[in-house]
*Asks:* 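So that we are looking at the same thing, I have put the structure below in structure tokens.
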Amino acid sequence: NPIFAPPKTTIPAVLRPFFHSMENPVIILGAQAVGTAALDAFQSNDVVVYCLLDDDAKLQNTELNDVPIMGNTDDKELLKLLGKKCEVFV
């Protein structure tokens, strides 16, 4: 039986250079509709997502597609990583 991979999410042309130039893992700010779509797009294009941040306490300390939702979007410790060890997607 052949194994079929799910289709890759199509990246809008304006964002393609952003995806292909990423060397660091990504932190996504927001874990709801836009954040979920961004996570799908990043994972479909083999970009490593470190975590998501969301201000909704009900979402924190859970996972979305095996990626942790770690805390608030103003978490100073995680935000220190941005631009140094991680990229950010808002």
Side-chain angles (χ1 to χ4, degrees):
N1 291 335
I3 298 175
F4 295 99
K8 289 192 173 201
T9 300
T10 303
I11 304 299
V14 69
L15 293 178
R16 284 189 197 122
F18 176 72
F19 276 76
H20 295 293
S21 66
M22 301 188 92
E23 297 177 8
N24 294 325
V26 175
I27 293 177
I28 298 173
L29 301 183
Q32 297 181 34
V34 174
T36 300
L39 177 61
D40 180 52
F42 282 121
Q43 289 181 326
S44 292
N45 288 277
D46 301 320
V47 174
V48 175
V49 177
Y50 179 74
C51 70
L52 296 101
L53 301 178
D54 198 284
D55 295 331
D56 185 342
K58 291 180 280 188
L59 295 175
Q60 296 168 8
N61 300 313
T62 63
E63 291 186 347
L64 184 60
N65 294 347
D66 297 322
V67 177
I69 302 171
M70 296 183 71
N72 290 322
T73 56
D74 62 355
D75 184 317
K76 291 179 183 10
E77 292 303 311
L78 287 171
L79 294 177
K80 286 180 185 177
L81 299 173
L82 302 180
K84 296 177 183 170
K85 296 185 180 187
C86 289
E87 307 292 339
V88 66
F89 182 84
V90 181

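Scope of the values below: all heavy atoms of this structure, side chains included, with no hydrogens, waters or symmetry mates. Computed from a predicted structure; not experimentally measured. Just so you know, residue 1 is the first one in the sequence shown, and it goes up from there.
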*Asks:* List in chain and number order the residues that pass side-chain hydrogen bond (donor to acceptor under 3.5 Å, both in side chains) with N72, two or more places apart in sequence or in another chain; answer none if no residue qualifies.
*Replies:* Q60
*Asks:* Could you tell me which non-hydrogen atom of A31 sits nearest to which non-hydrogen atom of T36, and how far apart they are?
*Replies:* O-OG1, 3.6 Å
*Asks:* According to side-chain hydrogen bond (donor to acceptor under 3.5 Å, both in side chains), who are the partners of D75, at least two apart in sequence or on a separate chain?
*Replies:* none
*Asks:* Can you tell me how far the OG1 atom of T73 sits from the CD1 atom of I27, to the nearest 0.5 Å?
*Replies:* 11.5 Å
*Asks:* Please, which pairs that meet salt bridge (Lys or Arg N to Asp or Glu O under 4.0 Å) have at least one residue in residues 48-72, sequence neighbours excluded?
*Replies:* none
*Asks:* I need the single residue from I69, L53, V34, V49 that forms a side chain to side chain contact (heavy atoms under 4.5 Å, CB included) with I28. Which is it?
*Replies:* V49
*Asks:* Who pairs with Q43 by side-chain hydrogen bond (donor to acceptor under 3.5 Å, both in side chains), at least two apart in sequence or on another chain?
*Replies:* none
*Asks:* Carefully, step by step, assess L59 and Q32 under the rule side chain to side chain contact (heavy atoms under 4.5 Å, CB included).
*Replies:* CA-CA 9 Å; L59 295 175; Q32 297 181 34; 3.8 Å; yes
